Amino acid sequence: MRNLSFCGEKWDKRYALAFIIALSCSIICGIVLCRFVNYNYYLRNLADEYVYNVFNFKNAQIVFPHFLGDLLYFYIFFLIGYFTKFKYVSLVFVFLRGIFFGIYTVLIISVGAFSGVVTVIFVFIPATLISLVLCYACGEFCPKCDKRYCLFIPAAVALVDLIIILLLENVIFRVVIIIV
């Protein structure tokens, strides 16, 4: 019986190590590139709006673009892992996502000061890291599922990630704001 069963023992350790190395290098590159991007007013306004929306609990303006991006990334990782034998090609998308993660993290901190630091620590970093772990899981384990359900699994994983982001923003962040 192969319905939604995962082989926990047969995951590729070299791919996981390459995933972590690509993510680490891209985050460092994103932090370094932020010095050059800091003069772009569009990105500065985007970071300012992100902090504003998190503090005012406007979920739709944060969650919907994140959901669409996650859906795109999950299907990219799934399709690369399912239809090709070259799952290391997906590391290019990990590298791009890590660069944007590093740039946005530095921009949110620089634009928002203390509120930016709180937003990054309790909402942005956990949401992005959870999303990247789920990207890895989609690329590694979804191709091993039953063919009837495999096309719906990335969408279900995106919904799970959406629920996690809502919990981060509406439960954990509100508790932190009340305490601080």
Side-chain angles (χ1 to χ4, degrees), residues 12-56 58-59 61-81 86-140 154 157-158 160-162 164-169 172-173 176-177 180:
D12 191 5
K13 293 175 181 72
R14 289 179 291 171
Y15 178 64
L17 183 65
F19 193 93
I20 292 169
I21 290 171
L23 182 63
S24 303
C25 292
S26 65
I27 289 172
I28 292 169
C29 289
I31 291 170
V32 170
L33 284 175
C34 188
R35 178 78 173 148
F36 301 113
V37 177
N38 205 12
Y39 299 109
N40 190 345
Y41 293 109
Y42 172 73
L43 290 175
R44 293 181 78 190
N45 287 338
L46 184 69
D48 190 33
E49 286 180 18
Y50 188 86
V51 172
Y52 174 77
N53 290 333
V54 167
F55 269 89
N56 289 325
K58 294 185 178 182
N59 294 333
Q61 295 174 353
I62 294 172
V63 173
F64 187 68
H66 192 82
F67 173 72
L68 290 179
D70 280 343
L71 196 61
L72 176 72
Y73 274 107
F74 292 157
Y75 272 107
I76 286 173
F77 276 79
F78 168 74
L79 292 175
I80 289 173
F86 307 112
K87 66 180 170 184
Y88 290 97
V89 173
S90 65
L91 295 176
V92 172
F93 296 105
V94 171
F95 192 79
L96 289 173
R97 191 145 186 201
I99 284 178
F100 291 131
F101 172 65
I103 289 171
Y104 290 147
T105 301
V106 173
L107 280 174
I108 290 171
I109 289 173
S110 66
V111 167
F114 179 70
S115 61
V117 170
V118 172
T119 302
V120 163
I121 289 174
F122 292 105
V123 178
F124 188 70
I125 290 176
T128 307
L129 292 180
I130 289 170
S131 175
L132 283 165
V133 167
L134 292 175
C135 279
Y136 173 77
C138 278
E140 183 72 21
V157 172
V160 168
D161 190 42
L162 175 76
I164 291 171
I165 292 169
L166 287 173
L167 288 174
L168 282 172
E169 186 178 339
I172 296 174
F173 189 73
V176 169
I177 293 300
V180 173

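Keep in mind that this is a model prediction, so the values were computed, not measured. When reading the values below, keep in mind they use all heavy atoms of this one structure, side chains included, and skip hydrogens, waters and symmetry mates.
- Between the side chain of Thr128 and the main chain of Ile125, no donor-acceptor pair closer than 3.5 Å is present.
- Using bins of under 30°, 30° to 60° and over 60° for the plane-to-plane angle, the ring pair Phe78/Tyr75 lands in the perpendicular bin.
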Residues 90-99 side chain polar contacts: donor-acceptor under 3.5 Å, at least two apart:
| residue | atom | partner | partner atom | Å |
| --- | --- | --- | --- | --- |
| Ser90 | OG | Tyr15 | OH | 2.7 |
| Ser90 | OG | Lys87 | O | 2.6 |
| Arg97 | NH1 | Ser131 | OG | 3.2 |
| Arg97 | NH2 | Asp70 | OD1 | 2.8 |
| Arg97 | NH2 | Ser131 | OG | 2.7 |

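- Annotation for Val51 and Gly116: closest pair CG2-CA, 4.1 Å, computed over non-hydrogen atoms.
- Taking both residues in full, the closest heavy atoms of Tyr50 and Ile62 are given as CE1-CG2, 3.7 Å, listed atom of the first, atom of the second, then distance.
- Atoms CD1 and CG, on Ile76 and Leu71 in that order, are 10.0 Å from each other to the nearest 0.5 Å.
- Formation of a donor-acceptor pair under 3.5 Å by the Glu169 side chain with backbone atoms of Val123 is not found in this model.
- The 12-atom threshold is not exceeded at CZ of Phe100, counting heavy atoms of other residues, nucleotides or ligands nearer than 6.0 Å.
- In this structure, Leu68 and Leu72 have side chains that are not in contact, with every pair of non-hydrogen atoms separated by 4.5 Å or more.
- In this structure, Ile27 CD1 and Ile103 CD1 are separated by 11.5 Å, a value rounded to the nearest 0.5 Å.
- Applying the 6.0 Å contact sphere to OH of Tyr88 captures more than 12 heavy atoms from other residues, nucleotides or ligands.
- Of all non-hydrogen atoms in Ala127 and Ile165, the two that sit nearest each other are CB-CG1, 3.9 Å.
- With a 4.5 Å cut-off on side-chain heavy atoms, Phe55 and Ile177 count as touching.
- Val160 is listed as a side-chain neighbour of Ile164, based on a closest heavy-atom distance under 4.5 Å.
- Here the NZ atom belonging to Lys13 is positioned 11.5 Å from the CG atom belonging to Leu17, to the nearest 0.5 angstrom.
- Annotation: the span from Cys135 atom SG to Phe77 atom CZ amounts to 4.5 Å, rounded to 0.5 Å.
- Counting heavy atoms from C-beta on, the side chains of Ile130 and Asp161 come closer than 4.5 Å.
- Using a 4.5 Å heavy-atom cutoff, the side chains of Tyr104 and Leu46 are in contact.
- Scanning all heavy atoms of the two residues, the minimum distance from Cys138 to Pro154 falls at SG-CA, 4.2 Å.
- Annotation: side chain of Phe114 is in contact with side chain of Val118 (closest heavy-atom distance under 4.5 Å).
- Between the CZ atom of Phe86 and the CD1 atom of Ile80 there is a distance of 11.5 Å, given to the nearest 0.5 Å.
- Between Phe124 and Phe101, the ring-plane angle classifies as parallel under the 30° and 60° cut-offs.
- In this structure, Phe74 CZ and Leu134 CG are separated by 4.5 Å, a value rounded to the nearest 0.5 Å.
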